[in-house]
Each structure stands twice: as structure tokens, then as C-alpha cells.
Amino acid sequence: MALTDELWAAIEPIYAEILDHPFINGLTDGTLPREAFRHFVVQDSHYLRDYARALAVCAAKAPSEEDVQAFADDAVGAIAAEQGMHAEFLTAFGESAEQAAGEPVLPTTRAYTSYLLATVYGGSFAEAVAAVLPCYWIYARVGEQLLARSSPEPLYAKWIATYGDEAFQTVVRRVLALTDRLGEEISPAERRRAVEHFTTTSRYEWMFWDAAWRGETWPV
């Protein structure tokens with residue numbers, strides 16, 4: 001079995017829960033409270049700064065120059081997204097990126113990025129790729145699913161278009177092809193660890209949207 005097939009099979013129930021989440025449904029029908037979307041954007045800005053670091057570690061661990069460059073470019077792209085797209089969204093709320101950066105990193109964001117960075121620093125290249133993969137693949141699949149429906153709310157329609165865009169889908173296909181190449185080379189034990197990391201960070205993807213929906217804060 002191709003590694004990507006095994007990975008997706010492991011998270012099919014999680015992905016189904018993501019598609020059925022009220023945050024996602026609220027994006028497409030336009031009923032998502034704007035404060036929930038704002039929460040998501042602010043925390044996603046915090047997340048992407050550490051995600052860029054995780055991608056940079058993947059670049060450092062990559063065995064080929066082609067993969068080094070690809071992950072380094074993706075790390076730059078993550079920062080560009082944080083500075084560009086999120087700044088535009090925040091402007092719609094009458095806020096600046098600097099104001100958002102001053103807000104606290106909330107529990108789910110902190111847990112997700114801490115797990116991600118620990119895995120990419122401490123694990124093999126294959127484990128690192130598996131850990132960062134859900135942020136590519138799940139967003140691509142969600143964007144693809146939602147693109148046909150879009151949203152009556154222009155702000156949400158723009159977010160959907162970003163991840164349903166063919167340019168983003170092309171990047172994701174490149175990472176999936178690399179994942180399958182790695183699957184042919186790694187040991188059964190390393191493959192099991194890759195599946196575990198992929199499943200864990202996929203769960204964090206669901207939790208991230210749920211945290212925005214709930215308006216998560218630090219309890220104490």
C-alpha cells in the first residue's frame with residue numbers, strides 16, 4: 001500500500017468530522033460568526049510562524065537539494081501567507097497584524113505547534129514530513145470540497161478560494177509524491193511512527209477549527 005493511502009485511511013473518520021464541523025459549514029453558508037473567524041485568523045497567524053519553522057527543519061533534514069529547496073520555499077510561503085493574507089483579513093476587522101501578534105497564543109495553538117516542532121526536531125525526515133503533511137493535505141481537500149459551494153460572505157469566499165486554488169493543490173501533490181517515495185524506503189517501525197504523527201496532527205487540525213468555534217481562551 002502506498003504510504004499516502006495508509007495515512008489517509010488512518011484519518012478518514014477525523015476528516016469526516018472536519019467536514020461536518022459547524023465552523024466549516026458556517027464558512028460555506030455564511031453563518032459563521034465573524035468573531036469565530038477572527039479567532040481563527042489570529043491563532044492561524046501564530047501557528048504559521050511556527051509552521052514555517054517546522055518546514056525549515058524539514059528542509060534542513062531533506063536528503064536531496066530539490067527537497068531542501070522545496071521545503072525552504074514552502075517555509076517562506078507560510079510566512080508570506082501570515083503577512084499577506086492574514087493581514088488582509090485582519091484589516092477587515094479594523095485591526096493590524098501587529099495588534100494580532102500581541103494577542104496570546106491559546107491552548108490548542110500552543111499544543112499543536114509544540115507537538116509539531118518536537119516531532120520535526122526529534123524525528124527522522126519521514127516523520128517530520130508526516131507531521132507537517134496534514135496542514136497541506138487537509139486544507140487542500142477541504143478547499144477542494146468547499147470551492148464549488150464557496151460562500152455568500154466575501155471574506156469566507158476568499159479564504160475558501162485560497163486553499164481550493166490550483167497553485168496550492170500543485171504544491172500539495174508534490175509533497176504527497178515525496179511522501180510516497182519515502183514510504184518505499186523507510187522501515188516498518190518508522191512507517192508506524194509516521195502514521196502516528198500524521199494522525200495526531202490531523203486531530204489537531206480538527207481541534208484548531210473547534211477552538212475558534214468555541215472561542216477558546218486560557219481557563220486560568
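Only a predicted model underlies this, so the values are computations on that prediction, with no experimental measurement involved.
- In the hydrophobic clustering of this structure, V105 does not group with V41; members are Ile, Leu, Val, Met, Phe, Trp, Tyr whose side-chain heavy atoms approach within less than 4.5 Å, directly or through other members.
- The shortest non-hydrogen separation linking A140 to V172 is CB-CG2, 3.7 Å.
- Not a single donor-acceptor pair under 3.5 Å links the side chain of Q43 to the backbone N or O of A212.
- By the 4.5 Å heavy-atom criterion applied to side chains, L106 and H39 are counted as neighbours.
- The NZ atom of K61 lies 14.5 Å from the CG atom of D67; values are rounded to the nearest 0.5 Å.
- The side-chain heavy atoms of H46 and V42, taken from C-beta on, include a pair separated by under 4.5 Å.
- T113 places none of its side-chain heavy atoms less than 4.5 Å from the side chain of Y51.
- One finds no salt bridge joining R193 and E190 here, because no Lys/Arg side-chain nitrogen approaches an Asp/Glu carboxylate oxygen to under 4.0 Å.
- Between the E216 side chain and the T108 main chain, a donor and an acceptor come within less than 3.5 Å of each other.
- In the hydrophobic cluster analysis, where Ile, Leu, Val, Met, Phe, Trp and Tyr join through side-chain heavy atoms closer than 4.5 angstrom, V68 is grouped apart from V76.
- Going from atom CG of L176 over to atom CG of D180 covers 7.5 Å, rounded to the nearest 0.5 Å.
- Taking both residues in full, the closest heavy atoms of W206 and H21 are given as NE1-CD2, 3.5 Å, listed atom of the first, atom of the second, then distance.
- For the pair Y156 (side chain) and D29 (backbone), a donor-acceptor distance under 3.5 Å is absent.
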Check your understanding: F168 and Y136: ring-ring contact (aromatic ring centres under 6.0 Å, His included), yes or no, with the steps?
Key -> CA-CA 9 Å; F168 181 66; Y136 287 98; 7.1 Å; no
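- Here Y112 pairs with Y47, E205 under the side-chain hydrogen bond (donor to acceptor under 3.5 Å, both in side chains) rule; sequence neighbours left out.
- Rounding to the nearest 0.5 Å gives a distance of 7.5 Å between CZ of F37 and CH2 of W159.
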Practice item. Mind running side-chain contact (heavy atoms from CB on, under 4.5 Å) on T91 and E88 for me, showing each step along the way? Key: CA-CA 5 Å; T91 299; E88 186 175 340; 5.6 Å; no
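- Annotation for R191 and I186: closest pair CA-CD1, 3.6 Å, computed over non-hydrogen atoms.
- Side-chain atoms of I138 and I11, non-hydrogen and from C-beta on, do get closer than 4.5 Å to each other.
- Side-chain contact between L27 and F40: absent, with no pair of heavy atoms (C-beta onward) separated by less than 4.5 Å.
- Pairing each heavy atom of A126 with each of A194, the nearest pair is O-CB, 4.5 Å.
- A 6.0 Å sphere centred on CD of E166 holds more than 12 heavy atoms belonging to other residues, nucleotides or ligands.
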Check your understanding: Could you walk me through whether D210 and F23 pass the side-chain contact (heavy atoms from CB on, under 4.5 Å) check?
Key -> CA-CA 7 Å; D210 189 62; F23 185 99; over 6 Å; no
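- Residues W137 and T4 form a side-chain contact, since some pair of their non-hydrogen atoms from C-beta on lies under 4.5 Å apart.
- Of the N and O atoms on the side chains of T170 and R173, at least one donor lies less than 3.5 Å from an acceptor on the other residue.
- Distance check, rounded to the nearest 0.5 Å: CD of Q99 to CZ of F93 gives 13.0 Å.
- Counting all heavy atoms, side chain and backbone alike, E196 lies closest to Y115 at O-OH, 4.4 Å.
- Taking the centre and axis of the six-membered ring of W8, the NZ or CZ atom of R141 falls inside the cone set by 45° and 6.0 Å.
- Across all their heavy atoms, A78 and A52 have their closest contact at CB-CB, 4.0 Å.
- Annotation for E103: atom CD counts as buried by contact number, over 12 foreign heavy atoms lying within 6.0 Å.
- Atom OG1 of T109 sits about 10.5 Å away from atom CZ of R49, to the nearest 0.5 Å.
- Between atom CZ of residue F71 and atom CZ of residue R174 there is a gap of 6.5 Å, rounded to the nearest 0.5 Å.
- In this structure the side chain of E17 never reaches within 4.5 angstrom of the side chain of I14, judged on heavy atoms.
- A donor-acceptor pair under 3.5 Å links the side-chain atoms of T28 to the main chain of N25, judged by distance alone.
- Checked options V132, L55, V57; the residue passing with L116 is V132 (criterion: side-chain contact (heavy atoms from CB on, under 4.5 Å)).
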